[in-house]
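Here the structure comes first, spelled out in structure tokens, and everything after it is commentary.
Since we're looking at a predicted model, the values are computed, not measured. Just so it is clear: chains get the letters A, B, ... in the order the sequence lines come, proteins before strands, and each one is counted from 1.
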Number of protein chains: 4
Amino acid sequence: MSNLRNSVQLIGRLGKDPEIKVFDSGKKLATFTIATNSAYRNNKGDKVEEVQWHNLVMWDKLADIAAQYLKKGSEVAIEGKLVHRSYETSEGEKRYTTEINVNDIVMLGGK
Amino acid sequence: MSNLRNSVQLIGRLGKDPEIKVFDSGKKLATFTIATNSAYRNNKGDKVEEVQWHNLVMWDKLADIAAQYLKKGSEVAIEGKLVHRSYETSEGEKRYTTEINVNDIVMLGGK
Amino acid sequence: MSNLRNSVQLIGRLGKDPEIKVFDSGKKLATFTIATNSAYRNNKGDKVEEVQWHNLVMWDKLADIAAQYLKKGSEVAIEGKLVHRSYETSEGEKRYTTEINVNDIVMLGGK
Amino acid sequence: MSNLRNSVQLIGRLGKDPEIKVFDSGKKLATFTIATNSAYRNNKGDKVEEVQWHNLVMWDKLADIAAQYLKKGSEVAIEGKLVHRSYETSEGEKRYTTEINVNDIVMLGGK
DNA sequence: TTTT
DNA sequence: TTTT
């Protein structure tokens, strides 16, 4: 419940349509990425554009919202929890990934 | 500058003393990890404790603060930017890591 | 500097065009209000729309941005500091007001 | 539900013990104030300490937490919603007040 | 006073 | 892979 100890807010756009999975249990999962853009001047005074791509996951009701309303290019604001996970590759190697488990989303730019 | 597009807030404790590096340019870097704790009930009703360890980086003046005031066990609140980076292992394999580039820190539990 | 101790984030729309003042010192001030909307179901199950109007103030470079880009109906995300002030009415009575001193703004809904 | 459109985070200390009310309906309400401190240098270069006092309200389970654990001087982090209300004085005059309706609280400095 |  |  405590968003205060671990909270991420992002404003950005989807790189692709969300992928939706429905599990046998009925649980629904939407995964997608969003880009956040920033610009700064380097030590030569040139403007540098920087993009970060973030992995987002949304469950159940939020996955329904993703399935219905979100698509490639959609602008959203999200709040979520930062989660670091490990998994094994098919070759048996351990890999790490970071995802944002979304708690709340606002669709932006609606007319 | 825009924290609004990409902002993380965490409240937690350091796992170890910060590591401090000073570059030839004079730039200073502090790196450390903090743990954020949360508790929830699983579908059997049992309480589950979950810990997430986050990689933090602090530059220059903030690195000085880290060097002077932070040590293993210190409780802090931080605000930062979520940054995903890739690097090559010594075997030439590409790996990914996620760090929080800290903009602001508050030391807690003082006095 | 510390946004961590006192930080407000809002996403909403301007009720009117910003008002801009330039002081003799050259300092520039923009003031305006934004509405944040929320919806909930009351205990009868009816949907209730709730609007909150917030007083925002932006100084100097941010005031320039307000003057150039913001107008009635514009959708924005802002981060700022919550400030409670008192002042005297022309009748000499003390009154209190709450404002958000904006640190950062993102304009939303640009195609 | 959407914290994203209207969200306040504060870190500070209680000015007094919380006041607790229990309504006939069984609903419970805790009210208290917290101070947030900041320091900056004025245009003469002198350090200026600034304190803001914020009105907080917590309902039901959160009110229980306030009643049990919070007292004058307690250091807390809170997340809540910014709410502006009007009421009538006993002389029939309209007054305005701003409160933060707390959604989440973390007690700091424990042990 | 905004907007959906 | 988004967008300006």
Interatomic distance where CG belongs to Leu108(C) and P belongs to dT3(E) [whole Å]
15 Å
For Lys72(A), answer base if it contacts any base atom (sugar-phosphate contacts may also be present), sugar-phosphate if it contacts only those atoms, and nothing otherwise; contact means non-hydrogen atoms under 4.0 Å.
sugar-phosphate
Please collect all salt bridge (Lys or Arg N to Asp or Glu O under 4.0 Å) contacts where either partner lies in residues 30-40 of chain B, sequence neighbours excluded, each pair once.
none
If only atom types and distance count, is the side chain of Gln52(D) paired as donor or acceptor with the main-chain N or O of His84(C) below 3.5 Å?
yes
Looking at every strand, decide which applies to Gly73(C) at a 4.0 Å heavy-atom threshold: base, sugar-phosphate, or nothing.
sugar-phosphate
Taking Lys21(D) first and then Glu19(D), would you say they form a salt bridge - that is, a charged N and a carboxylate O separated by under 4.0 Å?
no
Determine all donor-acceptor pairs shorter than 3.5 Å in which one atom belongs to a side chain in residues 56-72 of chain A; sequence neighbours excluded.
from	atom 1	to	atom 2	distance (Å)
Asp60(A)	OD1	Lys28(A)	N	3.2
Asp60(A)	OD2	Lys27(A)	NZ	3.2
Asp64(A)	OD1	Lys28(A)	NZ	2.6

Going by number, which of residues 49-60 of chain C have a non-hydrogen atom under 4.0 Å from DNA chain E?
Val51(C), Trp53(C)
Calculate the interatomic distance between Arg13(A) atom CZ and dT2(F) atom P; express it in whole Å.
12 Å
Mind calculating the distance between CD1 (Ile34(C)) and P (dT4(E)) to the nearest angstrom?
16 Å
Please check if the side chain of Asn55(B) supplies one atom and the backbone of Thr33(B) the other of a donor-acceptor pair under 3.5 Å.
no
Could you tell me which non-hydrogen atom of Glu75(A) sits nearest to which non-hydrogen atom of Leu108(C), and how far apart they are?
OE2-CD2, 3.9 Å
